[in-house]
2 protein chains.
Amino acid sequence: MNFQERKSRIVQTVDERGSVDVRELAELLQTSDMTIRRDLTQLASLGLIYRTHGGAMKVSLATDKHRFANKTAVNAERKDYICQLAANEIQEGDVIFMDCGSTVFRLCPFIRNKRITVITNSLPVVAELMHSEVAVNLVGGEVDKERQAVHGLIAEEHMARYRANRAFIGVDGISLANGLTANSEKEASTAVAMARQSAQVYLLCDSSKLETTKYLQFAPLTLFDVLITDNAASPDLLTAYQQAGVTILY
Amino acid sequence: MNFQERKSRIVQTVDERGSVDVRELAELLQTSDMTIRRDLTQLASLGLIYRTHGGAMKVSLATDKHRFANKTAVNAERKDYICQLAANEIQEGDVIFMDCGSTVFRLCPFIRNKRITVITNSLPVVAELMHSEVAVNLVGGEVDKERQAVHGLIAEEHMARYRANRAFIGVDGISLANGLTANSEKEASTAVAMARQSAQVYLLCDSSKLETTKYLQFAPLTLFDVLITDNAASPDLLTAYQQAGVTILY
DNA sequence: TATTTTTTGTTTATTTTTGTTCAAATCAAC
DNA sequence: GTTGATTTGAACAAAAATAAACAAAAAATA
């Protein structure tokens, strides 16, 4: 068995079974774990399979969300810490925008009992606030099933009709050099639209996202007024941001 | 079983069953409670599930659909018969309005696999069509928590932006003498707004509602083009309606 | 055949994931 | 409210998987 053949059999096996682990493949193909690992790394870089810790999966089974889920430690505590800070900023009677990011979603439990109005394009946020004290205004337009959110032209027109006291938005990446970046054009334009209509714009961003850059550069750091992050961020980094004129809460 | 697969299966199980507890999952996936808890925290932070004390729930508008579902159970067979007739009217490529009535909600299973666009103000309809072939356009505006729907000025403006081939609307009462009547002003005005924007308007109305009158008289019989009802209606009654110029499908 | 290149296997240190224990938080029933 | 049972997450330890370095084997080339 030459190594081309071995690799094609790996792809075949992964496709058949959906997922396999290194040990199984080594057994099946009568070779060492290390060789399998090397093969998997290579095949994954070609996009033929999706590499997991301990094995591999069929690409189609690993949705974007799961792919993200499988990445290292998405710190729930950090997000909750951030959301607690964010919730403290909210006043009774406020009208606030909430976008469809996963960090922003976690804000829901902290505002359940406040007498405020939330304008959002996120269906999970609506579901979460359905039985709460909060008055909800849902942004209309085309439903993006993947993100469980509403985006697009009509959605932006809708948002332009309202003025809010605060907007809470998330980003995929933020850096001093490249400003705010995102993985998706849709989320980016929604964030901008919400920011435009709000007196005070809060960026919710856990420290792991600081100084990371995603493919779409969509706004400068001046889009928001306050960056809320967690206390795991390095002090040097925070100082650098402050010197660049960014107000930080942590 | 690698850990990515485990997380996929957790999400899958939660979606299937609606809710599960930590112990069950640990048993099912042959792992420890702590591992399950860690997975749940992570998945929850991504918004894929909703973490509860002791387990997890499906994040979906469907979470509190049971109340609505109970309402739909009244005259279920008649309604399904009506919906089947309604679904037959729909062509591939159509754009249709669906309002927030319980009869109209039951149309969802019949259109899951059609390549059409649905414009609706009903959150249960959106939840139901989230995982279907149908493209969904959600009407924006203030969320009416009691009816799980969107109503109001902005909602009507939103609907006025679109033209549809067909509208499927429900009413609480219909009679030759009083025309269309409703229990709620909100639902009535939505129905009228949808009718105005559609080439063909279908009224879905089980026979128990024929010749009943509710408190709000909101439109004449000419609002709609076709009345779809069930075959439990008395022939005399149907004849009377036809003589009054109503097109009936049953 | 000898030499180079490529591929594979082994060892080791590092990283990631999992399991256990225990104090604190949460929930439910009173 | 208070109590008591259950659930939780933090800390730590154990297990598993990984990548890097290097050596051995196989293949390609001269």
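Sequence lines set the chain letters: A, B, ... in the order given, protein chains first and strands last, and positions in each chain run from 1. What you are looking at is a predicted structure, and each value in this text was computed from that prediction instead of being measured.
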Exercise for review: Compare the minimum distances between each of dG9(D), dT8(D), dA20(D) and the side chain of V22(B), then state the nucleotide with the smallest one.
Suggested key: dT8(D)
Review point. Over how many whole Å does the gap from D21(A) atom CG to dT17(C) atom P extend?
Key: 15 Å
Study note, to complete from the structure: Side-chain atoms of R6(B) come closest, of dA20(D), dT18(C), dT26(C), to dT18(C)
**Study point:** Options dT18(C), dT18(D), dG9(D), nucleotide nearest the side-chain atoms of R38(B)
**Key:** dT18(C)
Point to revise | Residue H53(A), side-chain heavy atoms: nucleotide from dT8(C), dT16(C), dT26(C) that is nearest | key: dT16(C)
Check your understanding: Within the pair T35(A) and dT8(C), is there a side-chain N or O less than 4.0 Å away from OP1 or OP2?
Key -> no
Check your understanding: Do any side-chain nitrogens or oxygens of R23(A) fall under 4.0 Å of OP1 or OP2 in dA17(D)?
Key -> yes
Exercise for review: Please report, rounded to the nearest Å, how far the P atom of dA17(D) is from the CD atom of E5(B).
Suggested key: 14 Å
**Study point:** Complementary nucleotide for dA25(D) - Watson-Crick or wobble, under 3.5 Å
**Key:** dT6(C)
**Study point:** Between dG9(D) (C1') and Q42(B) (CD): distance, integer Å
**Key:** 15 Å
Point to revise | T31(B) vs dT18(C): side-chain N/O to OP1/OP2 distance below 4.0 Å | key: no
Check your understanding: Rounded to the Å, how far apart are L25(B) CG and dG19(C) C1'?
Key -> 17 Å
Point to revise | Interatomic distance where CG belongs to L40(A) and P belongs to dT18(D) [whole Å] | key: 8 Å
Check your understanding: So does E92(A) pair up with K114(A), basic N to acidic O under 4.0 Å?
Key -> no
Revision key, fill the gap. Winner on side-chain proximity to R51(A), out of dT18(D), dG9(D), dG9(C), is dT18(D)
Check your understanding: Taking atom CZ of R161(A) as the centre, does the number of heavy atoms from other residues, nucleotides or ligands within less than 6.0 Å exceed 12?
Key -> no
Check your understanding: Does a donor on one side chain sit under 3.5 Å from an acceptor on the other, for Q148(B) and S122(B)?
Key -> no
Check your understanding: The side chain of R37(A) lies closest to which of these nucleotides: dT18(D), dG19(C), dG9(C)?
Key -> dT18(D)
Practice item. Answer yes if the side chains of H158(B) and N137(B) hold a donor-acceptor pair under 3.5 Å, and no otherwise. Key: yes
Practice item. Take the protein atom CG of D33(B) and the nucleotide atom P of dT6(D), then report the distance between them rounded to whole Å. Key: 13 Å
Review point. Just by distance, with hydrogens left out, do E5(B) and S19(A) show a side-chain donor and acceptor under 3.5 Å apart?
Key: yes
Review point. Between atom CE in M34(B) and atom P in dA23(C), what is the gap in whole Å?
Key: 16 Å
